[in-house]
Asker: 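Got a structure for you, written out below as structure tokens; questions coming shortly.
Every chain is numbered from 1, with letters handed out A, B, ... down the list of sequences.
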Number of protein chains: 2
Amino acid sequence: MHGNYGCDMRGMLSFQILWLLSRRSMHGEEIAEELEKRRGEKPKPGTLYPALKDMNEKGLITGNKKGKIIVYSLTSNGKKSVKLAREYFIRSFGDILGA
Amino acid sequence: MHGNYGCDMRGMLSFQILWLLSRRSMHGEEIAEELEKRRGEKPKPGTLYPALKDMNEKGLITGNKKGKIIVYSLTSNGKKSVKLAREYFIRSFGDILGA
DNA sequence: GATGTAATATAGGATACCCTATATATTTAT
DNA sequence: ATAAATATATAGGGTATCCTATATTACATC
């Protein structure tokens with residue numbers, strides 16, 4: 001189990017990354033810090049970087065290398081994806097926030 | 001990949017079940033139908049029932065058999081869990097729902 | 001009581017998401 | 001130049017969440 005919530009709260013990392021990148025372009029460490037703010041814990045490199053690699057290979061994000069950092073942005077497919085995925089997310093979980 | 005959202009939207013099934021049961025006690029088929037309303041697709045029996053079994057073994061829910069149906073309710077641990085997990089969920093995803 | 005339907009259950013397989021540990025590349029500090 | 005710190009990357013392992021397919025149990029209908 002992950003965290004001390006009684007139930008498993010893993011999931012939708014790639015969606016959350018897409019969401020963050022839809023607000024502004026970021027490099028890996030910045031993404032990790034944003035996730036830490038929300039989740040309470042910073043994802044380990046072995047969690048984050050394979051996810052970014054996978055999303056890049058799927059054409060959702062694109063990386064722009066500047067020295068040792070790589071700034072990621074959404075591709076047009078990534079933008080379409082985050083729009084659709086957010087609609088699904090709200091349909092699925094919207095009432096949890098409202099109540 | 002699951003659904004046509006570009007990114008994987010699996011996750012937190014047990015949390016969603018806890019949330020549904022915090023509104024009212026239900027049996028498996030009712031839970032499946034509530035999930036279908038939200039997700040657009042009904043989880044297959046091979047998805048739902050192992051999850052319920054697991055949650056029961058973890059002491060989050062308890063089942064009351066009435067003929068061929070089993071009505072599930074939250075245990076006190078389940079109630080604590082859904083409260084904590086909901087706080088985590090809102091911290092993690094609240095801005096997605098709000099924006 | 002035999003047949004069919006509804007509800008639950010189990011077996012087995014795939015993938016995303018998590019981790020720990022280790023490695024590489026670039027920048028910064030000494 | 002050497003060392004330390006930062007950012008990214010890979011290898012390998014565990015679990016939840018999904019699936020398809022099959023089986024069981026209880027109720028309903030004839």
Asker: Salt bridge check, A/R38 against A/E34: does any charged N sit closer than 4.0 Å to a carboxylate O?
Answerer: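 Yes, charged N to carboxylate O under 4.0 Å.
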
Asker: How is A/F15 classified with respect to the nucleic acid when contacts are heavy atoms under 4.0 Å: base, sugar-phosphate, or nothing?
Answerer: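 No contact at all - A/F15 keeps every heavy atom at 4.0 Å or more from the nucleic acid.
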
Asker: So, is A/K58 near the phosphate of C/dA16, with a side-chain N or O under 4.0 Å from OP1 or OP2?
Answerer: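 For C/dA16, OP1/OP2 do have a side-chain N/O of A/K58 under 4.0 Å.
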
Asker: Please state how far atom CD in A/E30 lies from atom C1' in D/dT8, giving the value in whole angstrom units.
Answerer: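 In whole Å, D/dT8 C1' and A/E30 CD are 14 Å from each other.
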
Asker: Using heavy-atom distances to pick each residue's nearest nucleotide on DNA chain C, tell me which of A/P45 and A/K66 is more 5'.
Answerer: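 Per heavy-atom nearest nucleotide, the more 5' residue is A/P45.
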
Asker: Tell me whether the side-chain N/O atoms of B/K68 come closer than 4.0 Å to OP1 or OP2 in C/dA9.
Answerer: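 Checking C/dA9 against B/K68, no side-chain N or O comes under 4.0 Å of OP1 or OP2.
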
Asker: Nearest whole Å is fine: how far is D/dA16 P from B/L18 CG?
Answerer: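 One finds 14 Å between P of D/dA16 and CG of B/L18, rounded.
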
Asker: Rounded to the nearest Å, what distance is computed from the CG atom of residue B/L48 to the C1' atom of nucleotide C/dA9?
Answerer: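 Interatomic distance, CG of B/L48 to C1' of C/dA9: 11 Å.
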
Asker: Less than 4.0 angstrom from a charged side-chain N to a carboxylate O is my criterion; do A/E87 and A/K83 meet it?
Answerer: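 Yes.
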
Asker: Could you give the NZ-to-P distance, from A/K44 to C/dT20, as a whole number of Å?
Answerer: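 Computing the A/K44:NZ to C/dT20:P distance gives 5 Å.
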
Asker: If you check the A/D8 side chain, which of D/dT17, D/dT8, C/dA9 turns out closest?
Answerer: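 The answer is D/dT17, which lies nearest to the side chain.
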
Asker: From the list D/dT8, D/dT17, C/dT8, which nucleotide is the closest neighbour of the side chain of A/I69?
Answerer: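 The answer is D/dT8, which lies nearest to the side chain.
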
Asker: Under 4.0 Å from OP1 or OP2 of D/dT17: is there any side-chain N or O of B/S14 that close?
Answerer: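 Yes.
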
Asker: Salt bridge check: are B/K68 and B/E29 linked by an N-O gap of less than 4.0 Å?
Answerer: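 Salt bridge flag = no for B/E29 with B/K68.
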
Asker: Atom CG of A/D54 to atom C1' of D/dT10: distance rounded to whole Å?
Answerer: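 Rounded to whole Å, this separation is 14 Å.
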
Asker: With distance as the sole test, does A/Q16 use its side chain to make a donor-acceptor pair with the main-chain N or O of B/S92 at under 3.5 Å?
Answerer: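 Yes: the side chain of A/Q16 pairs with the backbone of B/S92.
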
Asker: Roughly how many Å is it from CD in A/E33 to C1' in D/dT6, rounded to a whole number?
Answerer: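 A/E33 atom CD is separated from D/dT6 atom C1' by 11 Å.
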
Asker: Respond yes when some side-chain nitrogen or oxygen of B/K53 is under 4.0 Å from OP1 or OP2 of C/dA9, and no when none is.
Answerer: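 For B/K53, the contact criterion (side-chain N or O under 4.0 Å from OP1 or OP2 of C/dA9) is not met.
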
Asker: Just checking A/F93 against B/F93, ring centres under 6.0 Å apart?
Answerer: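 No - the distance between ring centres of A/F93 and B/F93 does not fall below the 6.0 Å cut-off.
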
Asker: Which nucleotide in the list D/dA26, C/dA7, D/dT8 gets nearest to the side chain of B/K65?
Answerer: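 Of the options given, the side chain of B/K65 lies nearest D/dA26.
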
Asker: Suppose we call a contact any N or O donor and acceptor under 3.5 Å apart; does that hold for the side chain of B/R10 and the base of C/dT15?
Answerer: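 For B/R10, whose side chain was compared with the base of C/dT15, there is a donor-acceptor pair (under 3.5 Å).
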
Asker: Between A/Y49 (OH) and D/dA7 (P), how many Å, whole number?
Answerer: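 In whole Å, D/dA7 P and A/Y49 OH are 8 Å from each other.
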
Asker: Using a 4.0 Å heavy-atom cut-off across all strands, classify A/G46 as base, sugar-phosphate, or nothing.
Answerer: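 Here A/G46 touches the bases of the nucleic acid.
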
Asker: Once you apply a heavy-atom cut-off of 4.0 Å, does A/L52 come out as touching a base, just sugar-phosphate, or nothing?
Answerer: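 Here A/L52 touches no strand at all.
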
Asker: Report yes if at least one side-chain N or O of A/T47 is closer than 4.0 Å to OP1 or OP2 of C/dC19; otherwise report no.
Answerer: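 It does, given that an N or O in the side chain of A/T47 lies less than 4.0 Å from OP1 or OP2 of C/dC19.
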
